[in-house]
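In what follows, a single structure is set out as structure tokens and then discussed.
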Amino acid sequence: MDYSYLAANWTAVRDRVAQACRDAGRDPVEVAILPVSKTFDADVVRAAAALGLHRFGENRVQEVREKAPQLADCGIEWVIIGPLQTNKAKDVARLAHEVQTLDRIELAEALDHRLQIEGRQLDVLVQVKTSPEESKHGLSPAELPALLAALRRFDTLRVRGLMTIATHTGDTAEVRRCFRQLRELRDAMVAAGYTLPRLSMGMSGDFALAIAEGATDVRIGSAIFGARTVAAAG
Ligand SMILES: *Cc1c(COP(=O)(O)O)cnc(C)c1O
């Protein structure tokens, strides 16, 4: 297989992200790109790793279970960006470096239990639902202060920031409202004493708006890997 398109796409995405940063008056080093490899097989991820990419976002733990052993020599860090059931905590504790979809205390308890067994820690972002869409996951903004307070007792979980998925719409004002809401929530929680440097928001179709609203992490799938032919669950 010829994967040369990956290098071209990666360069183009980096350029577009850098441009969005400059347009927003920000330094491009402030924004990390998380390549989202869901539905693409291990050979594609290996080719991307050869370009120097070493963190990949996946939304199904089962897919990480399949790919991780095939890529054990690549030094990859797997980032979970999909909804998580507590019965996946064991695999997550073993395989993942970060979870961006922590949204309830039961999940934190399950992860903490398994991480203690593994003797590991995990970076986590709390997923907040900023979109009115039924299909979007995350806890409601009103529930955030209580969850952050409850998370303080888990030293296996390093809470680094917040994550959201904007409303799926061509209405840029609505998309931007979602991102702004996440930033304002973060600012309020920082004022309350929490350390939350990271805001994971923005995907292939809306990362420029997210960067304008303060994103530190953008999650980019199709703009790097191409259109997904297999439906991504979750
Ligand atoms: C699939 C996915 C992405 C990447 O989406 P693209 O539109 O392909 O860039 C980002 N975030 C989450 C949570 C996803 O599930």
Side-chain angles (χ1 to χ4, degrees), residues 5-6 8-20 31-41 44-45 48 51 53 55-64 66-67 76-85 88 92 96-104 107 122-139 160-172 174-176 178-179 181-182 198-234:
Y5 65 91
L6 283 176
N9 288 353
W10 175 238
T11 302
V13 163
R14 272 198 314 193
D15 288 349
R16 288 170 61 204
V17 166
Q19 187 59 48
V31 179
I33 302 170
L34 177 67
V36 175
S37 51
K38 67 185 183 196
T39 78
F40 292 96
D41 66 23
V44 180
V45 180
L51 298 174
L53 284 59
R55 295 175 83 234
F56 292 90
E58 290 281 345
N59 71 336
R60 288 175 61 236
V61 177
Q62 181 57 34
E63 238 182 281
V64 177
E66 287 160 15
K67 289 177 202 176
I76 288 172
E77 297 183 355
W78 299 101
V79 179
I80 304 297
I81 59 169
L84 262 185
Q85 294 172 305
K88 296 293 190 315
V92 171
H97 276 75
E98 176 171 304
V99 167
Q100 297 200 349
T101 49
L102 185 61
D103 61 356
R104 59 197 191 281
L107 181 56
L122 204 59
D123 282 348
V124 297
L125 304 183
V126 174
Q127 183 177 5
V128 180
K129 182 169 153 53
T130 56
S131 160
E133 288 170 297
E134 246 354 280
S135 60
K136 296 292 191 284
H137 296 265
L139 88 172
R160 307 281 295 137
L162 307 179
M163 178 273 213
T164 202
I165 305 173
T167 307
H168 186 67
T169 172
D171 177 356
T172 56
E174 164 60 14
V175 172
R176 199 158 170 162
C178 295
F179 296 146
Q181 184 177 10
L182 196 72
R198 292 176 51 198
L199 286 177
S200 172
M201 52 190 198
M203 325 199 297
S204 294
D206 58 15
F207 66 79
L209 294 169
I211 288 170
E213 289 294 343
T216 62
D217 297 69
V218 291
R219 310 177 304 266
I220 309 291
S222 48
I224 297 171
F225 295 101
R228 286 181 290 276
T229 50
V230 190

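First listed ligand is number 1; within each ligand, the first listed atom is number 1. Starting from 1, each residue takes its place in the sequence as its number.
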Show me, pair by pair, the donor-acceptor contacts under 3.5 angstrom made by side chains of residues 8-16, not counting sequence neighbours?
unit_1	atom_1	unit_2	atom_2	d
N9	ND2	I224	O	2.9
T11	OG1	A7	O	2.9

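- Ion pairing between a basic and an acidic side chain is recognised when a charged N comes within 4.0 Å of a carboxylate O; E98 and R55 show such pairing.
- Interface atoms of ligand 1 facing R219, defined by a heavy-atom separation under 4.0 Å, are 4 (C), 9 (O), 10 (C), 11 (N), 12 (C), 13 (C).
- Ligand-side atoms of ligand 1 in range of I220: 9 (O), range being under 4.0 angstrom from any heavy atom.
- Considering backbone and side-chain N/O atoms, S222 comes within less than 3.5 Å of an N/O atom of ligand 1.
- Atom numbering of ligand 1 starts at 1 in the shown order; those under 4.0 Å from a heavy atom of I165 are 13 (C).
- Looking at every heavy atom in both residues, Q127 comes nearest to D103 through O-CB, 4.0 Å.
- In summary, the side chains of T130 and Q181 do not present any donor paired with an acceptor at a separation below 3.5 Å, with no hydrogens or angles considered.
- Evaluation of the salt bridge (Lys or Arg N to Asp or Glu O under 4.0 Å) rule for D123 yields R158 as partners, not counting sequence neighbours.
- Residue A223 has no nitrogen or oxygen atom sitting less than 3.5 Å from a nitrogen or oxygen atom of ligand 1, judged on distance alone.
- Annotation for ligand 1: atoms under 4.0 Å from non-hydrogen atoms of S204 are 6 (P), 7 (O), 8 (O), 9 (O).
- Contacts between I81 and ligand 1 below 4.0 angstrom, taking non-hydrogen atoms only, involve backbone and side chain alike.
- For the pair K67 (side chain) and S37 (backbone), a donor-acceptor distance under 3.5 Å is present.
- For R228, the heavy-atom gap to ligand 1 drops under 4.0 angstrom.
- Across K38, M203, E58, M201, heavy-atom proximity to atom 14 (C) of ligand 1 is greatest for K38.
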